[in-house]
Colleague: 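Have a look at the structure that comes next, please.
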Protein chains: 2
Amino acid sequence: MDVPAIDEALEKLPSHEATYRRLRDMVLFGELAPGQAVTIQGLTEKLESGMTPVREAIRRLTAEGALEFQDNRRVCVPRLTAAQLEELAFAKLALEPHLTCLALRNATPQSIAHVAAIDAELDTAIAAGDVSGYLRHNYRFHFAIYDIADAPILTAIAQSLWLRFAPSLRVVCGRIGTDNLPDQHTEAVAAMRANDADALRQAIIEDMTQGIQQVRLALANGKI
Amino acid sequence: MDVPAIDEALEKLPSHEATYRRLRDMVLFGELAPGQAVTIQGLTEKLESGMTPVREAIRRLTAEGALEFQDNRRVCVPRLTAAQLEELAFAKLALEPHLTCLALRNATPQSIAHVAAIDAELDTAIAAGDVSGYLRHNYRFHFAIYDIADAPILTAIAQSLWLRFAPSLRVVCGRIGTDNLPDQHTEAVAAMRANDADALRQAIIEDMTQGIQQVRLALANGKI
DNA sequence: CTTTCACATATATGATCAAAATTAAACGGG
DNA sequence: CCCGTTTAATTTTGATCATATATGTGAAAG
């Protein structure tokens with residue numbers, strides 16, 4: 001039950017879906033910076049896709065808040081204002097701790113072990129100072145838990161929140177390295193093993209609060 | 001500074017944007033029932049638009065949860081499960097009362113009067129038993145407040161929640177008429193005038209809870 | 001009941017048109 | 001004469017459409 005290579009898995013999907021996922025990952029894992037413009041033609045070359053699939057991927061990501069129409073019908077990665085960051089902070093704290101706790105209903109030793117394995121990969125990336133790996137495994141950690149929760153609507157909203165948050169977090173990571181980044185994951189895994197909802201909620205709240213605070217500081221200093 | 005007629009306003013937009021808005025309104029205001037299938041070709045005729053704009057509108061609305069891909073590549077309006085309704089209920093109560101209260105920061109006598117005017121139209125629709133008018137003005141009421149709140153990210157999430165909720169609410173309205181539908185709007189307007197955040201939050205919580213409860217009952221009875 | 005074939009539908013391409021940005025040139029004030 | 005502004009030409013980019021391809025659906029035949 002090994003995971004097939006990424007490109008191999010994408011081959012079997014319709015082009016618009018594969019294009020969407022590749023572009024989404026570019027936003028999530030730091031290939032696109034806040035404020036950066038994207039063009040349809042540029043993406044057709046970079047993603048080796050036709051114009052129609054690229055346009056549809058852009059529409060979807062725009063609807064999810066990962067991209068933004070400008071007045072002049074160009075598209076770019078949104079730059080967060082301080083007010084918008086507070087909106088994100090509220091929504092993340094209002095939804096994601098709850099969503100994480102929903103996973104306890106369905107968690108099994110196997111599924112918890114899977115989450116723990118991702119946490120181990122995350123620790124490796126942190127130790128190596130691998131910013132891109134940190135972002136990728138941090139995302140995988142939280143959404144592996146959301147998969148267990150089996151709550152598609154809340155997970156979709158969380159996805160949108162991460163898409164809006166990721167580019168700014170990427171900038172912060174690049175500045176401060178991986179050492180000072182949030183990692184309450186060990187506590188979270190322990191709470192899952194103990195089936196302790198309160199401790200799990202607290203770990204996730206602290207994890208998110210730390211990340212938000214880092215972005216808040218960078219934003220206040222005009223570094224984003 | 002008069003508002004142009006709706007069709008006139010849509011004329012000036014790119015076709016894919018106008019198509020998106022028309023299709024969105026069809027979902028919001030009850031022209032499409034839960035489970036109903038939509039085809040690209042059918043929409044090109046109904047919306048008098050080309051194939052490309054329709055496809056892009058469908059992609060956007062799918063990302064917002066208003067439509068859903070099926071395993072075969074057809075598209076339909078999602079049918080809520082009981083579990084998904086509870087997800088929606090949680091998210092609505094976690095976000096929308098807060099978002100409503102944010103409006104108090106920016107509310108002016110003029111903007112409150114505008115909200116009150118919509119409430120009057122809503123009452124007229126209720127008195128007339130006009131289900132479509134109820135849905136439309138109820139939406140306008142809440143989103144007029146969200147406009148005042150000036151919180152684009154939370155408002156976008158609320159939009160997605162309404163898109164997911166509306167088709168089921170439409171079914172309920174058609175069954176029970178307009179008399180038993182939630183209307184804590186008078187209390188909400190009064191709370192806004194009094195700048196009373198606690199009363200405002202309470203009015204909105206009760207308003208949403210009533211609507212959710214109606215859908216919950218209908219869903220439990222298999223009427224949706 | 002399965003296979004096959006025809007039809008309906010979705011997917012994807014490339015061409016064409018329209019709009020906007022960019023560059024280049026012309027102009028005028030200092 | 002120089003610099004900033006405006007205006008015109010070029011080029012890039014986005015929007016839309018017509019069409020070709022691929023896929024899934026359903027009906028008819030074996």
Side-chain angles (χ1 to χ4, degrees), chain A residues 6-27 31-79, chain B residues 4 7-24 26-27 31-33 35-79:
Chain A
I6 290 181
D7 286 347
E8 190 178 332
L10 291 182
E11 292 298 337
K12 299 167 183 174
L13 293 169
S15 175
H16 67 86
E17 183 70 29
T19 304
Y20 163 77
R21 295 191 191 191
R22 278 196 279 250
L23 187 51
R24 184 195 62 188
D25 286 358
M26 286 173 67
V27 175
E31 283 196 64
L32 295 172
Q36 184 167 343
V38 298
T39 66
I40 293 175
Q41 294 188 15
L43 291 176
T44 58
E45 295 170 13
K46 176 146 195 162
L47 302 177
E48 293 175 337
S49 179
M51 186 175 298
T52 306
V54 167
R55 286 179 65 81
E56 294 182 11
I58 288 176
R59 297 296 176 230
R60 284 176 69 178
L61 287 162
T62 301
E64 293 179 316
L67 298 173
E68 187 174 57
F69 279 116
Q70 299 176 122
D71 46 3
N72 47 343
R73 67 186 186 172
R74 298 290 168 89
V75 174
C76 68
V77 179
R79 210 184 291 270
Chain B
D7 286 348
E8 191 177 332
L10 292 182
E11 294 297 338
K12 298 169 184 174
L13 294 170
S15 175
H16 66 85
E17 183 71 29
T19 303
Y20 163 76
R21 295 192 190 190
R22 279 196 279 250
L23 187 51
R24 183 194 62 188
M26 287 173 66
V27 174
E31 283 196 64
L32 295 172
Q36 185 168 341
V38 299
T39 65
I40 294 175
Q41 205 163 12
L43 291 176
T44 57
E45 296 168 12
K46 176 145 195 164
L47 302 177
E48 292 173 339
S49 180
M51 185 175 299
T52 306
V54 166
R55 284 177 64 82
E56 293 183 12
I58 288 176
R59 297 295 178 226
R60 282 176 70 176
L61 287 163
T62 300
E64 292 179 318
L67 297 173
E68 187 174 56
F69 279 116
Q70 300 175 119
D71 46 2
N72 46 348
R73 40 193 192 175
R74 300 289 172 83
V75 174
C76 69
V77 180
R79 211 185 288 273

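Quantities reported herein were computed from a predicted structural model and do not represent experimental measurements. In what follows, every heavy atom counts, from backbone to side chain, and hydrogens, waters and symmetry copies are set aside. Every chain is numbered from 1, with letters handed out A, B, ... down the list of sequences.
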Colleague: Can you spot which of A:Leu61, A:Leu67, A:Leu43, A:Ile40 makes a side chain to side chain contact (heavy atoms under 4.5 Å, CB included) with A:Val75?
Modeller: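 Per the side chain to side chain contact (heavy atoms under 4.5 Å, CB included) rule, the option paired with A:Val75 is A:Leu67, out of A:Leu61, A:Leu67, A:Leu43, A:Ile40.
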Colleague: How many whole angstroms separate atom CZ of B:Arg55 from atom P of D:dA18?
Modeller: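 So the two atoms are 16 Å apart, to the nearest Å.
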Colleague: Could you tell me how far apart B:Glu17 (CD) and D:dG14 (P) are, to the nearest whole angstrom?
Modeller: 16 Å
Colleague: Just compare D:dA15, C:dT11, C:dT9 and give me whichever is closest to any side-chain atom of B:Gln41.
Modeller: C:dT9
Colleague: Between atom CD in A:Glu45 and atom C1' in D:dT12, what is the gap in whole Å?
Modeller: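 Rounded to the whole Å, the gap is 12 Å.
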Colleague: To the nearest Å, give me how far apart CZ (A:Arg74) and C1' (D:dA15) are.
Modeller: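 To the nearest whole Å, that distance equals 13 Å.
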Colleague: Let me know, please, whether A:Asp71 or B:Ile40 comes out on the 5' side of the other along DNA chain C by nearest nucleotide.
Modeller: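 Of the two residues, B:Ile40 wins.
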Colleague: Expressed in angstrom and rounded to an integer, what is the separation of A:Met51 atom CE from D:dA18 atom P?
Modeller: 17 Å
Colleague: In Å, rounded to the nearest 0.5 Å, how long is the span from CD of B:Glu64 to OH of B:Tyr20?
Modeller: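 Between atom CD of B:Glu64 and atom OH of B:Tyr20 there are 3.5 Å.
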Colleague: Rounded to the Å, how far apart are B:Phe69 CZ and C:dA10 P?
Modeller: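 Distance, rounded to whole Å: 10 Å.
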Colleague: Check the side chains of B:Thr19 and B:Ser49 for a donor-acceptor pair under 3.5 angstrom, ignoring hydrogens and angles.
Modeller: yes
Colleague: Does a side-chain N or O from B:Asn72 land closer than 4.0 Å to OP1 or OP2 of C:dA10, or not?
Modeller: no
Colleague: Looking across every strand, which nucleic acid part, if any, lies under 4.0 Å from B:Thr39 by heavy atom: base, sugar-phosphate, or nothing?
Modeller: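 Sugar-phosphate: the residue B:Thr39, judged by heavy atoms under 4.0 Å, touches backbone atoms but no base.
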Colleague: Is the CD atom of B:Glu48 crowded by more than 12 outside heavy atoms at less than 6.0 Å?
Modeller: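 At most 12 heavy atoms, drawn from other residues, nucleotides or ligands, come within 6.0 Å of this atom.
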Colleague: If I take atom CG in residue A:Leu43 and atom P in nucleotide D:dG14, what distance separates them, rounded to the nearest angstrom?
Modeller: 9 Å
Colleague: Which residues pass the side-chain contact (heavy atoms from CB on, under 4.5 Å) test with A:Asp71, not counting sequence neighbours?
Modeller: none
Colleague: Taking only the side-chain nitrogens and oxygens of A:Arg59, find out if one of them lies under 4.0 Å from OP1 or OP2 of D:dA15.
Modeller: yes
Colleague: What is the separation between atom CD on B:Gln70 and atom P on C:dA10, rounded to the nearest whole Å?
Modeller: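 These atoms are roughly 11 Å apart.
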Colleague: Is the phosphate of D:dT23, meaning OP1 or OP2, less than 4.0 Å from a side-chain N or O of B:Arg73?
Modeller: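 Answer is no, no contact under 4.0 Å.
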